**Student:** 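Here you go, one structure.
Computed from a predicted model, the values in this text were never measured in an experiment.
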Amino acid sequence: MIPVVSHSQLQQAKRVLYMSHLAIGDFVYQGVWLQALKHKYPQLSIDIWFDDCRSKPQDWAAGRNKTLTEWIDATEEFDDTYPIVADLEQRAQSIAKAQAKQYDIIVFVGKNRPEKFAKIARQISHSAQIAVTNSKPLSNPIANYMHMKKMDGVISYDNIAAKVSHITELYSQCFNQLLGLETSDLVAGKQQLPLAVKPEYLALVEPTVSKLVAQAQDKKLVFINHLSTASKKDYPWEGVKTLIVELSKQHPTLAFIVNTPPDKLDEVEQAIAQDGDLSNLAVCASTAKTNFFELPALMSLCSLVITVDTATAHLALSLDVPQVTIMASDFKLWQPQGNSIILEGNGKARQVAVKDVIAAANQQLSAII
């Protein structure tokens, strides 16, 4: 198949704008292809637009902006970013900033709101080569049709998703059909973006770890993440409590870190302190307060990650930490690969029985303890 953007066009280009509704998990798998693009065409300046083009801002947008910007900046291979905006005035400012860059190529990869991304892409440049994915519009198919007509090339996200079994295959096909990239172009053959944790971030989490292992230096750390940005993906606190209590009985050398979003930290800390079964165990709540890299730094020190379907599942994969992943059954594309045991709940993560989580954790721990 001839790609939408040709090899010669990429050779001649200087500036590329990559657009997507990125979350951390997305960047784990898309970032390797952007990295491959930069390595194959080192003259390119690649900017990343991750404003999700929603009409109304979301409460979690500020946290995602900070997290993604810190990670993108740390890669040192990409240039400018366009984060999620708080209002339409900010979006207009982002568009004006992008117009001044005079991009040669604009690429959008994603499923949600493709017509809005297409509209903004053409507002940014009337002359750039624009290549996008499209999916069946949830509303206003006429607007979708009109904006897609103005693109230089369109491929179907839905058709690709229907034929693949994992998100790595989906992005491989998207970047191949849009930009001609092959799996042989991936840096070191990696299909997920590796994470290198610097000593300064390990130093930031050292107090948390020291507090947990103060009485027993041989304790193994278990990282638990039971919350996400969608309630159907969350695992109930009572299940988390039972998991910690039972694993502590079976493995006295374990200590537990319960990761939470910043706005849930006080709530979880109180739940631990006020619970007679938990307060005497080696368990604490934690959140990344200063920098995104506190999260992977803490995870890198753990022997096992037990998580719902959220960013931590994909970060564990990038860090090569064994994990147990609790997922709703309709998110198969996003199941982490590698050293992962996947537990599926019927429609919701909370449908997974605690005894099954304990059994899976013991299976992973058998190779560690």
Side-chain angles (χ1 to χ4, degrees), residues 24 63 66-67 70-71 74 194-227 235 237 239-308 310-325 339 357-358 361-362 364-369:
I24 295 175
K66 183 175 185 295
T67 297
E70 287 172 348
W71 194 3
L195 263 174
V197 180
K198 296 180 179 180
E200 57 261 38
Y201 300 121
L202 291 171
L204 285 175
V205 302
E206 193 276 334
T208 299
V209 175
S210 295
K211 180 180 178 182
L212 277 178
V213 302
Q215 296 178 342
Q217 293 297 320
D218 61 343
K219 283 191 177 295
K220 301 289 186 182
L221 299 177
V222 176
F223 183 96
I224 299 176
N225 193 107
H226 67 294
L227 299 174
Y235 203 67
W237 175 249
V240 175
K241 173 188 170 180
T242 302
L243 173 66
I244 293 172
V245 170
E246 291 303 313
L247 286 178
S248 293
K249 289 178 182 177
Q250 297 173 28
H251 308 284
T253 59
L254 293 181
F256 301 86
I257 298 168
V258 182
N259 184 63
T260 77
D263 63 326
K264 297 290 184 181
L265 180 62
D266 290 344
E267 178 184 326
V268 175
E269 284 182 331
Q270 289 177 16
I272 293 170
Q274 295 171 5
D275 191 298
D277 293 327
L278 294 177
S279 58
N280 292 320
L281 298 177
V283 54
C284 72
S286 179
T287 193
K289 296 178 180 178
T290 306
N291 186 285
F292 157 70
F293 281 95
E294 290 177 63
L295 175 58
L298 199 54
M299 293 175 67
S300 72
L301 298 174
C302 294
S303 299
L304 176 65
V305 169
I306 302 173
T307 180
V308 295
T310 190
T312 48
H314 308 291
L315 292 178
L317 185 62
S318 289
L319 292 164
D320 198 26
V321 179
Q323 68 175 299
V324 174
T325 315
N339 192 356
V357 183
I358 294 170
N362 276 320
Q364 292 286 46
L365 288 167
S366 66
I368 300 166
I369 296 178

**Student:** If you define the side chain from C-beta out and look only at heavy atoms, does anything of L281 sit under 4.5 Å from F256?
**Tutor:** no

**Student:** Judged by atom type as modelled, is there a donor-acceptor pair below 3.5 Å linking the side chain of K198 to the main-chain atoms of A297?
**Tutor:**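 Not at all, since once roles are kept as given, no pair shorter than 3.5 Å links the two residues.
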
**Student:** Under 3.5 Å, is there a donor-acceptor pair between the side chain of Q270 and the main chain of E267?
**Tutor:** no

**Student:** Where do A196 and F293 come nearest, in terms of heavy atoms and distance?
**Tutor:** O-CE2, 4.3 Å

**Student:** A285: what forms a side-chain contact (heavy atoms from CB on, under 4.5 Å) with it, not counting sequence neighbours?
**Tutor:**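 Only L265, V268, E269, I272 meet the side-chain contact (heavy atoms from CB on, under 4.5 Å) criterion with A285.
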
**Student:** Rounded at 0.5 Å granularity, tell me how far CD1 in I369 sits from OG1 in T253.
**Tutor:**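 Atom-to-atom, I369:CD1 and T253:OG1 are 4.5 Å apart.
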
**Student:** Under the salt bridge (charged side-chain N to carboxylate O under 4.0 Å, His left out) test, which residues partner E206, sequence neighbours left out?
**Tutor:**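 With neighbours one apart ignored, the set is empty.
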
**Student:** Atom CG of residue position D320 - does it have more than 12 heavy atoms of other residues, nucleotides or ligands inside 6.0 Å?
**Tutor:** no

**Student:** What are the two closest heavy atoms between P261 and L227, and how far apart are they?
**Tutor:** CD-CD1, 3.9 Å

**Student:** Excluding sequence neighbours, so at least two apart, what forms side-chain contact (heavy atoms from CB on, under 4.5 Å) with L317?
**Tutor:**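 side-chain contact (heavy atoms from CB on, under 4.5 Å) check on L317 returns Y29, Q192, Q323.
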
**Student:** Within the structure provided, determine whether L204 and E200 are in side-chain contact (heavy-atom separation under 4.5 Å).
**Tutor:** no

**Student:** State, with a plain yes or no, whether a side-chain heavy atom of F292 is found less than 4.5 Å away from one of I24.
**Tutor:** yes

**Student:** Just wondering, do M299 and V197 contact through their side chains at under 4.5 Å, heavy atoms?
**Tutor:**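 V197 vs M299: side chains apart.
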
**Student:** Quick one, N339 with Q364, criterion side-chain contact (heavy atoms from CB on, under 4.5 Å). Give me CA distance, side-chain angles, the key distance, then yes/no.
**Tutor:** CA-CA 9 Å; N339 192 356; Q364 292 286 46; 3.2 Å; yes

**Student:** Can you tell me how far CG of L278 sits from SG of C284, rounded to the nearest 0.5 angstrom?
**Tutor:**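 So the gap between those two atoms works out to 12.0 Å.
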
**Student:** P252: what forms a side-chain contact (heavy atoms from CB on, under 4.5 Å) with it, not counting sequence neighbours?
**Tutor:** none

**Student:** Quick one: does V213's side chain get under 4.5 Å of L221's, heavy atoms only?
**Tutor:**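 Yes, side chains in contact.
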
**Student:** Run the side-chain contact (heavy atoms from CB on, under 4.5 Å) check on L298 and V209 step by step: do they pass?
**Tutor:** CA-CA 8 Å; L298 199 54; V209 175; 3.9 Å; yes

**Student:** So D277 and I244, side-chain contact (heavy atoms from CB on, under 4.5 Å) or not? Walk me through it.
**Tutor:** CA-CA 9 Å; D277 293 327; I244 293 172; over 6 Å; no

**Student:** First locate atom NZ of K241, then atom CD1 of I224, and finally report the distance between them rounded to the nearest 0.5 Å.
**Tutor:** 13.5 Å

**Student:** Can you find a pair of side-chain heavy atoms, one from L315 and one from V305, that are under 4.5 Å apart?
**Tutor:** no

**Student:** How close do N259 and H226 get, heavy atom to heavy atom, and via which atoms?
**Tutor:** O-ND1, 4.4 Å

**Student:** Looking only at heavy atoms, which two atoms of P262 and T287 are closest? And how far apart?
**Tutor:** N-OG1, 3.4 Å

**Student:** Under a 4.5 Å cut-off applied to non-hydrogen side-chain atoms, are I306 and Y235 in contact?
**Tutor:**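 The answer is no, as the side chains (C-beta and beyond) never meet within the 4.5 Å cut-off.
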
**Student:** To the nearest 0.5 Å, how far apart are CG in L295 and OH in Y201?
**Tutor:**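 Here the interatomic distance stands at 13.0 Å.
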
**Student:** For N362, what residues pass the side-chain contact (heavy atoms from CB on, under 4.5 Å) criterion, not counting sequence neighbours?
**Tutor:** L247, Q250, H251, I358, L365

**Student:** How close do V222 and C302 get, counting heavy atoms only, and between which atoms?
**Tutor:**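 Smallest interatomic distance, heavy atoms only, reads C-SG, 4.4 Å.
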
**Student:** Counting C-beta onward and ignoring hydrogens, is there a side-chain heavy-atom pair between S300 and L202 closer than 4.5 Å?
**Tutor:**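 A side-chain contact under 4.5 Å exists here.
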
**Student:** Testing the basics here: between S279 and A273, what is the closest heavy-atom pair and its distance to 0.1 Å?
**Tutor:** CB-O, 3.7 Å

**Student:** Can you list the residues that meet the side chain to side chain donor-acceptor pair (under 3.5 Å) rule with D266, with sequence neighbours excluded?
**Tutor:** none

